[in-house]
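I have placed the structure first, in the form of structure tokens, so that the comments after it can refer back to it.
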Number of protein chains: 2
Amino acid sequence: MKVNSALDLAAAVRGRRHDLGLSQADLAERAGVSRVWIATVEAGKRSVNFGLVLRLLGALDLKMDISSSRNLSDVFKGAKDAPTPRNLSDVSKGTPVNLDSILEGYRE
Amino acid sequence: MKVNSALDLAAAVRGRRHDLGLSQADLAERAGVSRVWIATVEAGKRSVNFGLVLRLLGALDLKMDISSSRNLSDVFKGAKDAPTPRNLSDVSKGTPVNLDSILEGYRE
DNA sequence: TATGATTGTCAACGTACGCAGACAAGACAA
DNA sequence: TTGTCTTGTCTGCGTACGTTGACAATCATA
């Protein structure tokens with residue numbers, strides 16, 4: 001999930017926390033932060049501590065990636081003039097992809 | 001690039017800034033922050049403002065993603081017992097991949 | 001040499017972050 | 001109903017963040 005704003009972070013955190021069946025208090029203890037701070041993050045406050053966000057993501061088994069903001073179209077180098085596919089059904093079988101670009105997102 | 005710590009953020013920022021040929025002062029003006037703060041981020045300080053980090057990444061044409069911290073091995077569902085490939089040369093041609101999992105990282 | 005650009009670092013200052021503790025509202029089950 | 005759990009929000013408080021302005025060290029170039 002792309003994070004353009006603090007609201008995106010909020011959605012990712014709350015969604016993942018619900019998936020794990022955790023309360024704000026549970027997550028706060030896991031991550032070593034206060035429950036109020038969790039509520040603050042989930043409310044979309046922008047000026048929160050970046051280091052604490054990393055700890056929070058770790059407690060949620062989420063990872064943060066930073067990469068060049070290129071388009072998905074870079075991955076499908078074979079279909080030059082085709083519109084950027086957004087759904088799997090838009091991609092025909094056998095379409096060549098740039099595997100290097102894909103692997104980059106998975107490196108430790 | 002996976003961001004596990006503030007030092008990873010520092011490396012991503014400095015590397016990208018150098019690629020763009022920008023000075024700290026240039027980048028500070030672009031992102032609307034102080035030059036001292038840029039230097040602080042590039043020094044790997046953890047407790048920096050998350051919202052300002054997002055603005056900084058925007059000024060560097062970088063994007064932040066948050067996703068489940070799954071292994072690369074999930075992508076290669078066809079090679080069950082094979083070790084998780086780390087280099088493109090480790091992946092044999094024709095290996096089936098989980099395209100849904102790949103596309104997820106590119107959604108807006 | 002001199003000059004300019006870049007970067008690390010410091011001091012001072014206003015602001016607000018994150019904390020503990022508390023309270024109320026809502027949901028749900030016994 | 002009562003009790004428990006969850007969440008949003010408020011207080012006060014100590015701390016440190018981010019800013020401006022400045023200085024020195026380094027490097028490259030004229």
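Only a predicted model underlies this, so the values are computations on that prediction, with no experimental measurement involved.
One distance of note links CG of B/Asn4 with CG of B/Leu9; it measures 12.0 Å at 0.5 Å rounding. Atoms CE and CG, from A/Met64 and A/Leu56 in turn, are 9.5 Å apart once rounded to the nearest 0.5 Å.
In terms of hydrophobic clustering, with Ile, Leu, Val, Met, Phe, Trp and Tyr side chains grouped at heavy-atom distances under 4.5 Å, B/Ile66 and A/Phe50 are assigned to a common cluster. By the rule that hydrophobic residues join a cluster once side-chain heavy atoms approach within less than 4.5 Å of another member, A/Leu20 and A/Leu62 end up as members of one cluster. At a threshold of 4.5 Å between side-chain heavy atoms, the hydrophobic network of Ile, Leu, Val, Met, Phe, Trp and Tyr places B/Leu22 and B/Val33 in one connected group. Hydrophobic clustering (ILVMFWY, side-chain heavy atoms < 4.5 Å, transitive): B/Trp37 and B/Leu57 are in one cluster.
Taking for each of A/Ser23 and B/Arg55 the nucleotide of DNA chain D with the nearest heavy atom, the 5'-most of the two is the partner of A/Ser23. Residue whose closest nucleotide on DNA chain C sits further toward the 5' end, between B/Asn49 and B/Asp26: B/Asp26.
Mapping heavy-atom proximity under 4.0 Å, the span of DNA chain C touched by chain A runs 5' to 3' from C/dC17 to C/dA22.
Among the protein residues, A/Arg46 comes within range of no part of the nucleic acid, since none of its heavy atoms lies under 4.0 Å from any strand. Counting any heavy atom pair closer than 4.0 Å across all strands shown, B/Ser47 reaches sugar-phosphate atoms only and no base atom. Using a 4.0 Å heavy-atom cutoff across all strands shown, A/Val33 reaches sugar-phosphate atoms only and no base atom. Within the nucleic acid shown, B/Val36 comes within 4.0 Å of at least one base atom, counting heavy atoms only.
Under a 3.5 Å cut-off, the side chain of B/Arg55 and the backbone N or O of B/Gly32 do form a donor-acceptor pair. A side-chain donor-acceptor contact under 3.5 Å links B/Asp26 to the backbone of B/Ser23.
Comparing the end axes of the helix from C/dT1-D/dA30 to C/dA30-D/dT1, each fitted to five base pairs by superposing C1' atoms of four pairs onto the next four, gives an inter-axis angle of 40° (nearest 10 degrees).
The nearest whole Å value for the distance from the CH2 atom in A/Trp37 to the P atom in D/dT9 is 17 Å.
Contact of the B/Gln24 side chain with the B/Leu27 side chain is not registered, since no non-hydrogen atoms from C-beta on lie closer than 4.5 Å.
Here A/Arg35 does not reach the OP1 or OP2 of D/dT9: none of its side-chain N or O atoms lies under 4.0 Å away.
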